[in-house]
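Here the structure is laid out as structure tokens; the discussion comes afterwards.
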Number of protein chains: 2
Amino acid sequence: MENEGKGLHGRVLEALGPEITAGDHPPGTVLRTDELAQRFDVSRTVIREAIRVLESMQLVASRRRVGVTVRPTEEWNVYDPRVIGWRLTGRDRPRQLRSLTVLRSAVEPVAAGLAARHATPTQCAELTEHAMGMVATSRGQQLDAYLVHDVAFHRVILAASGNEMFARLADVVAAVLTGRTHHHVMFTDPDPAAVTLHVQVAEAVRTGDAGAAERLTREITAGAMAELDVLAP
Amino acid sequence: MENEGKGLHGRVLEALGPEITAGDHPPGTVLRTDELAQRFDVSRTVIREAIRVLESMQLVASRRRVGVTVRPTEEWNVYDPRVIGWRLTGRDRPRQLRSLTVLRSAVEPVAAGLAARHATPTQCAELTEHAMGMVATSRGQQLDAYLVHDVAFHRVILAASGNEMFARLADVVAAVLTGRTHHHVMFTDPDPAAVTLHVQVAEAVRTGDAGAAERLTREITAGAMAELDVLAP
DNA sequence: CCGGGCAATTAAGTATGACGTTTACATCAC
DNA sequence: GTGATGTAAACGTCATACTTAATTGCCCGG
């Protein structure tokens with residue numbers, strides 16, 4: 001078992017974070033450090049360090065004489081990987097997946113266009129490799145193997161864009177792809193059209209055709225959006 | 001003077017964060033909590049809380065027996081508003097501005113398209129209002145007033161998209177626009193074409209023409225990218 | 001009855017010192 | 001040279017006392 005959260009404060013964080021993002025403590029709720037210390041059977045010091053982190057995520061605000069108040073949802077740092085993770089395992093997972101897919105549909109095409117200009121030969125090779133891997137695993141219940149290549153493919157695209165902000169979204173995209181596979185149609189093979197598009201994107205990047213890379217990737221993400229509408233909340 | 005950083009740990013954070021993001025402590029550098037406590041003349045408790053926050057930003061990693069090590073740049077949480085702010089005031093401000101502008105050029109057109117579908121009448125009114133404000137202040141050294149409308153305009157667009165991830169980028173866009181105005185051409189009036197485009201975007205959103213809104217916004221961001229190339233690092 | 005100011009109370013913030021725990025590193029035996 | 005072992009250095013945790021600031025409510029004057 002992955003014992004995430006290295007120290008005690010980490011464990012407190014991994015307990016409180018999901019509770020807050022799931023809405024167990026609605027915005028406006030006040031938490032007292034003493035009570036938390038009692039509840040988790042740790043010292044106030046540990047609680048305070050966990051609170052500092054939650055505060056840096058804008059999940060809570062700590063004020064003297066009143067306590068630690070849960071902040072309204074709109075103020076949360078929704079780009080923090082841990083917040084994203086917690087929300088993906090929580091109640092409004094559908095909403096979160098939708099948000100992230102929309103973000104993805106905005107970012108990835110532009111990233112692919114940039115990748116067509118900036119990708120190194122190595123990255124181009126990796127792209128075609130993973131596209132081929134997707135082709136090879138696209139039939140016959142090999143969804144897990146397919147997913148690995150799919151994730152890797154998009155990770156290379158984002159990295160090859162040369163934009164650090166894009167590159168840092170790789171984990172988000174991975175989460176979306178993984179979530180889709182594991183929640184959606186575990187028994188249906190991937191859409192052949194999507195597989196073809198990935199191959200074409202790899203080719204467009206390799207030949208430096210930014211326009212084609214962007215357009216093709218837009219088709220991929222549009223497909224993902226359409227898929228999402230099928231099981232809309 | 002804005003004494004940001006409410007407690008002692010906040011002040012330590014506001015001192016250490018910029019130092020790290022500016023590269024004063026290159027990746028791999030080790031900081032010791034004791035030394036920091038001495039340097040800032042505060043207790044180790046305070047230092048530890050600041051470190052926890054830096055750790056949650058992935059700026060540093062704290063390991064036993066070795067100390068607090070600065071992590072490589074690629075692992076930083078570059079979406080954390082404070083990290084963005086620090087980097088914008090630091091050495092590689094140009095790089096950062098560039099990254100953010102690219103991100104903007106990916107996100108805003110899609111957001112505008114969504115806004116055309118989801119914007120409330122109130123938001124439509126605000127859009128036209130600010131577009132008009134931009135027109136009114138686009139001539140004769142009123143750059144500050146113009147900037148206010150510009151920022152507000154884009155903030156409404158991102159909020160009206162209905163996507164929380166987009167909405168949370170409003171501050172980033174504001175920072176880019178502000179930075180551009182204050183560093184670029186303080187004495188040149190805004191590009192008339194850009195002003196017109198904003199008016200047209202407001203109109204497209206009002207009439208629900210998603211395609212036009214997206215296309216026009218893409219022109220705006222393309223203009224911003226082009227501007228950036230003029231004073232490229 | 002209302003309003004302003006003063007004081008009490010409360011919960012977070014800080015300081016300190018002690019101890020626990022992990023682990024890099026050097027030393028020693030084989 | 002390799003592996004086991006020991007040691008010390010740094011972070012991690014705890015308990016406690018004290019400080020600070022803000023809320024609350026009381027009290028008094030208008």
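In this structure, the separation between CZ on A:R98 and CG on A:D92 is 13.5 Å, given to the nearest 0.5 Å. Taking CZ from A:R95 and OG from A:S99, the interatomic distance works out to 6.0 Å, rounded to the nearest 0.5 Å. Here CG of A:L59 is found 10.0 Å from CG of A:L16. Values are rounded to the nearest 0.5 Å.
One interatomic measurement links the two molecules: CG of B:L8 to P of D:dT19, which rounds to 15 Å at whole-angstrom precision.
With hydrogens and angles ignored, the 3.5 Å screen pairs no side-chain donor or acceptor of A:R32 with any backbone N or O of A:G67.
Between the side chains of B:T217 and B:E108, no donor-acceptor pair is found at a separation under 3.5 Å.
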_So if I define the base as every atom that isn't primed, P, OP1 or OP2, how would nucleotides 3-10 of chain D read as a B/S/- string at a heavy-atom cutoff under 4.0 Å?_
------BB

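Residue pairs satisfying the salt bridge (Lys or Arg N to Asp or Glu O under 4.0 Å) criterion with at least one member in residues 114-132 of chain A, sequence neighbours excluded, are absent.
Between B:H198 and B:H154, the distance from one ring center to the other falls under 6.0 angstrom.
Within residues 37-59 of chain B, the residues that have a heavy atom under 4.0 Å from DNA chain D are, in order of number, B:R44, B:R48, B:R52.
The side-chain contact (heavy atoms from CB on, under 4.5 Å) test with B:R180 is passed by exactly one of B:L97, B:D150, B:L147: B:D150.
Residue B:H9 places no side-chain N or O under 4.0 Å from the OP1 or OP2 atom of C:dG13.
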